[in-house]
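Let me begin by presenting the structure, written as structure tokens, before commenting on it.
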Amino acid sequence: MSLEVADLTFRYGSKTALDAVGFIVPPGRFAALLGPNGAGKSTLFGLLTRLFTAPSGRIAIAGHDMARSPRGALARMGVVFQQPTLDLDLTVRQNLAYFAALHGLAGREARSRIDAALDRLWMRERASEKTRDLNGGHRRRTEIARALLHRPSVLLLDEPTVGLDAAARTAITDHVHALARDEGLTVLWATHLTDEVANDDQLILLHQGRILADGTAHELHGATPLREWFLARTGAEA
Ligand code: ADP
């Protein structure tokens with residue numbers, strides 16, 4: 001199930017943060033939304049998650065129009081925000097159980113979904129640990145597992161590797177690529193780091209609120225290293 005954005009414009013007062021942004025991420029595709037700081041990535045996530053609404057344009061999640069059927073659209077979406085949102089005093093399992101309960105899941109069904117989600121992120125053996133005792137990478141994995149509990153078709157992640165060391169960053173980037181490849185999840189992964197983009201990913205380049213490029217990563221940057229290609233188009237330090 002796909003993610004569709006069309007002609008999305010958003011302003012903070014006189015500042016245009018998004019200018020006629022449009023793209024489609026097809027089912028099962030990993031799309032990297034790449035842009036330097038200030039490009040408009042968080043604003044786009046705010047609109048996709050209905051934190052705020054755009055005066056113009058259209059968002060559809062797995063065929064559900066965000067303006068006309070927001071509940072249907074949000075139900076098909078899993079989100080990992082940039083700021084961690086775990087309760088550090090709860091165990092991994094308790095954090096997931098709380099979220100499951102919010103989605104009306106309890107008992108055996110909740111337990112089996114929690115186990116399956118933890119297995120997908122290689123976190124099952126840590127289920128009884130307090131999230132406070134986990135390192136940053138494992139906390140992030142817990143949040144991704146939690147975002148999968150209600151079986152979304154589209155997973156949104158806003159700079160999910162911020163603050164992680166190189167090994168944890170690679171592990172999480174690989175895990176989420178595998179979720180798209182093996183399970184058909186549609187992924188939108190916002191980042192300003194070019195090394196998180198794989199050659200076969202869909203690459204959506206956002207700069208100053210505009211989409212500058214959208215296509216398969218290696219087809220866009222060709223023989224030029226992605227980092228150089230990105231720098232040349234945005235003037236940003238990658
Ligand atoms: P990114 O997430 O890619 O760093 P943002 O979506 O945070 O980009 O910001 C896009 C643009 O909108 C930037 O120029 C930023 O300064 C501006 N902006 C973001 N939030 C606000 C706000 N609350 N008020 C005014 N301008 C904002």
Side-chain angles (χ1 to χ4, degrees), residues 3-25 29-61 66-67 70 73-74 77-86 136 139-140 143-144 147 152 154-164 166 168-169 172-173 176-177 186-198 201-215 217 220-221 226-238:
L3 165 64
E4 293 180 54
V5 172
D7 203 24
L8 214 54
T9 294
F10 188 83
R11 294 187 185 84
Y12 297 100
S14 61
K15 163 88 195 165
T16 300
L18 294 176
D19 187 2
V21 163
F23 57 84
I24 294 176
V25 186
R29 196 94 162 99
F30 182 108
L33 177 72
L34 180 68
N37 285 334
K41 302 184 295 298
S42 293
T43 303
L44 178 60
F45 268 70
L47 293 170
L48 289 171
T49 55
R50 218 156 180 263
L51 227 48
F52 28 85
T53 52
S56 70
R58 176 171 180 270
I59 295 169
I61 311 284
M66 185 65 86
L74 292 170
M77 180 199 299
V79 187
V80 178
F81 289 104
Q82 202 175 110
Q83 299 296 333
T85 59
L86 295 169
R139 287 185 193 178
R140 268 310 194 199
E143 292 194 288
I144 297 171
V154 176
L155 181 63
L156 309 177
L157 307 100
D158 189 5
E159 307 219 26
T161 63
V162 164
L164 301 185
R169 216 152 69 73
I172 290 206
T173 310
V176 177
H177 275 91
T186 305
V187 174
L188 186 70
W189 171 285
T191 185
H192 63 278
L193 302 167
T194 52
D195 62 353
E196 293 180 355
V197 184
D201 288 346
Q202 179 175 350
L203 173 59
I204 302 167
L205 180 65
L206 185 67
H207 183 44
Q208 295 178 342
R210 294 203 177 96
I211 304 280
L212 297 190
D214 178 5
L220 287 176
H221 65 86
L226 177 57
R227 193 180 136 87
E228 268 177 47
W229 179 89
F230 176 62
L231 271 172
R233 273 152 191 80
T234 62
E237 283 298 328

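Whatever order the structure lists ligands and atoms in, that order sets their numbers, starting from 1. Throughout, residue positions are numbered sequentially from 1 according to the sequence presented.
- Counting heavy atoms from C-beta outward, Thr9 and Leu18 have side chains that stay 4.5 Å or more apart.
- Residues Leu203 and Leu226 meet the side-chain proximity criterion, which asks for heavy atoms closer than 4.5 Å.
- Residue Ala39 approaches ligand 1 through these ligand atoms, each under 4.0 Å from one of its heavy atoms: 1 (P), 3 (O), 8 (O).
- In this structure the side chain of Arg139 never reaches within 4.5 angstrom of the side chain of Pro84, judged on heavy atoms.
- Protein heavy atom closest to atom 14 (O) of ligand 1, with residue, atom name and distance, is Lys15 CE, 3.0 Å.
- The protein non-hydrogen atom at the shortest distance from atom 10 (C) of ligand 1 is Gly38 O, 3.4 Å.
- Between Lys41 and ligand 1, at least one pair of N/O atoms sits closer than 3.5 Å.
- Shortest contact from atom 7 (O) of ligand 1 to any protein heavy atom: Ser42 CB, 3.8 Å.
- For the pair Ile61/Met66, a side-chain contact is recorded, criterion being any heavy-atom separation below 4.5 Å from C-beta on.
- For atom 6 (O) of ligand 1, the nearest non-hydrogen atom of the protein is Thr43 OG1, 2.6 Å.
- Near Asn37, with a cut-off below 4.0 Å to any heavy atom, the atoms of ligand 1 are 4 (O).
- By the criterion of a heavy-atom distance under 4.0 Å, the backbone of Pro36, and not its side chain, is placed next to ligand 1.
- Under the ring-ring contact (aromatic ring centres under 6.0 Å, His included) criterion, the residue pairs touching residues 31-59 are Phe10-Phe52, with sequence neighbours excluded.
- Relative to atom 12 (O) of ligand 1, the option among Phe10, Phe45, Phe52, Tyr12 with the closest non-hydrogen atom is Tyr12.
- Of the protein's non-hydrogen atoms, the one nearest atom 8 (O) of ligand 1 is Gly40 N, 3.0 Å.
- Checking atom 16 (O) of ligand 1 against the protein gives no heavy-atom contact under 4.0 Å.
- The closest side-chain heavy-atom distance from Asp7 to Arg58 is not below 4.5 Å.
- In this structure, Val79 and Leu48 have side chains that are not in contact, with every pair of non-hydrogen atoms separated by 4.5 Å or more.
- Protein heavy atoms come within 4.0 Å of atom 21 (C) of ligand 1.
- Listed for the Lys41 side chain is no donor-acceptor partner under 3.5 Å among the backbone atoms of Leu33.
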